[in-house]
Amino acid sequence: METRAARRSRGLLAGLLVVLVATAGCFVGGVSDRQEGGEPAPRRSAAAPDASTTRADGTTSVEEFAQDVADAQAVAERYWAAQFRASGQQFRPVRRIVPYQRAGQVSCGGQPLPRNNAVYCSQGDFIAYDVTWSVAAFRQVGDAFVFYLLGHEYAHGIQVRLGIRYDFTIQQELQADCMAGAYLGDSVRAGTLTLGEGDLEEFREGLAAVGDDPDQPWFAEGSHGTAEQRTESFFRGYERSLAECDLG
């Protein structure tokens, strides 16, 4: 994926996220819930991908990864600022994006974050991610992983800003997938991001791989939705924008 300001012929949507569920049944996480005792519980994400596998498009360096994180953050902030402005509201960006390398290096509401994780923490208003895990995923699946990761977690920050709260995790997560789709689709239509030929179909195949295990109850804590539900939610937002994401 490329920004208008920095066209790069690398790291598009091929194979996005498929690797992230090869060895685990949980995914990139979202808004904290209150645990007993009042502390927010960060969601766990997928297991780290195999860093020995690298895409052939040159998306390998930590510098490239850092630039894509900055690009994804800038696009998300520009997108959501425009949406808030259009609705007559004041936009407040997510306070910070925090990389970490060790379990417990960063905490959310007093709870240390584990390795192989990415979350939006409502207490503190920040997105945190295990940089080792994220760079390994970046090298394996390309820079679209970074834009999806930031887009999904940023959507959770927007949910908090709008006061959106659901009874079940799956509702929160499917809406965040829709919002991430809208952020990407609208940015492509605006020319802020560009996709290569075949990327959308590859993206669809990747999303189909990240659904919950068929035996996962939809009402269980941490449920994100089936492959069909997640794909439908994302592309509903991607194709028809935020009006499809039940923002009220």
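Note that the numbering runs from 1 along the sequence shown for the chain.
- Here CG of D68 is found 11.5 Å from CG of L149. Values are rounded to the nearest 0.5 Å.
- Between the side chain of R230 and the backbone N or O of D177, no donor-acceptor pair lies under 3.5 Å.
- Remark: R96 engages no residue in a salt bridge (Lys or Arg N to Asp or Glu O under 4.0 Å) (not counting sequence neighbours).
- With a 4.5 Å cut-off on side-chain heavy atoms, E228 and E232 do not count as touching.
- You'll find the side chain of F84 reaches within 4.5 Å of the side chain of I158, heavy atoms only.
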Discussion item. Evaluate Q67 against E63 for side-chain hydrogen bond (donor to acceptor under 3.5 Å, both in side chains), listing each step before the verdict.
Written reply: CA-CA 6 Å; Q67 184 60 58; E63 290 76 16; over 6 Å; no

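- A 4.5 Å side-chain heavy-atom check between H156 and E173 finds at least one atom pair inside the cut-off.
- Residues T194 and V188 are not in side-chain contact: their nearest non-hydrogen atoms beyond the backbone lie 4.5 Å or more apart.
- Side-chain atoms of W133 and N117, non-hydrogen and from C-beta on, never get closer than 4.5 Å to each other.
- Under the 4.5 Å side-chain contact rule for hydrophobic residues, F234 and V75 share a cluster.
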Fill in: Test side-chain hydrogen bond (donor to acceptor under 3.5 Å, both in side chains) applied to Y166 and Q159, step by step
CA-CA 10 Å; Y166 287 106; Q159 288 171 326; over 6 Å; no

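- Within the 4.5 Å cutoff, side-chain heavy atoms of V94 are placed close to those of R161.
- Listed here is the closest heavy atom pair of A176 and H152: CB-CE1, 3.6 Å.
- A donor and an acceptor atom, one from each side chain of Q229 and H224, are nowhere located under 3.5 Å apart.
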Practice prompt. List the steps, then state whether side-chain hydrogen bond (donor to acceptor under 3.5 Å, both in side chains) holds for Q171 with D167.
Written response: CA-CA 8 Å; Q171 296 169 299; D167 292 331; over 6 Å; no

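- The closest side-chain donor-acceptor pair between T132 and Q101, if any, does not fall under 3.5 angstrom.
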Discussion item. Let's go through R92 and D125 carefully: what are the C-alpha distance in whole Å and the side-chain angles of both, what is the deciding distance for side-chain contact (heavy atoms from CB on, under 4.5 Å) to 0.1 Å, and is it a yes or a no?
Written reply: CA-CA 10 Å; R92 178 171 49 86; D125 187 34; 3.2 Å; yes

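- For the pair P112/V106, no side-chain contact is recorded, criterion being any heavy-atom separation below 4.5 Å from C-beta on.
- For the atom pair OH (Y154) and CD (E77), the distance works out to 4.0 Å, reported to the nearest 0.5 Å.
- In this structure, the side chains of L247 and L242 come closer than 4.5 Å at one or more pairs of heavy atoms.
- Distance check: I127 CD1 to I97 CD1 gives 4.0 Å after rounding to the nearest 0.5 Å.
- Closest approach of C245 to G237, counting heavy atoms only: SG-CA, 4.2 Å.
- With sequence neighbours excluded, the residues forming a side-chain contact (heavy atoms from CB on, under 4.5 Å) with R240 are R236, E244, listed by chain and number.
- Summarising the geometry, atom CG belonging to L150 is positioned 6.0 Å from atom OH belonging to Y183; distances are rounded to the nearest 0.5 Å.
- Under the 4.5 Å side-chain heavy-atom criterion for ILVMFWY residues, no single connected hydrophobic cluster contains both V160 and I170.
- Criterion: ILVMFWY side-chain heavy atoms under 4.5 Å apart, direct or through other members. Under it, L174 and M179 are not part of a common hydrophobic cluster.
- In the displayed structure, R102 atom CZ is contacted under 6.0 Å by at most 12 heavy atoms of other residues, nucleotides or ligands.
- Heavy atoms only, all atoms of each residue included: S187 and Y79 are closest at OG-CD1, 4.3 Å.
- Atom SG of C121 is separated from atom CG of L113 by 7.0 Å, given to the nearest 0.5 angstrom.
- In the model, S241 has a side-chain atom that pairs as donor or acceptor with a side-chain atom of D186 under 3.5 Å.
- Q172 contributes no side-chain N or O that, together with a main-chain N or O of T169, makes up a donor-acceptor pair within less than 3.5 Å.
- Between F65 and Y129, the two ring planes are perpendicular [angle over 60°; tilted spans 30° to 60°].
- Taking OG of S107 as the start and OH of Y100 as the end, the distance is 10.0 Å to the nearest 0.5 Å.
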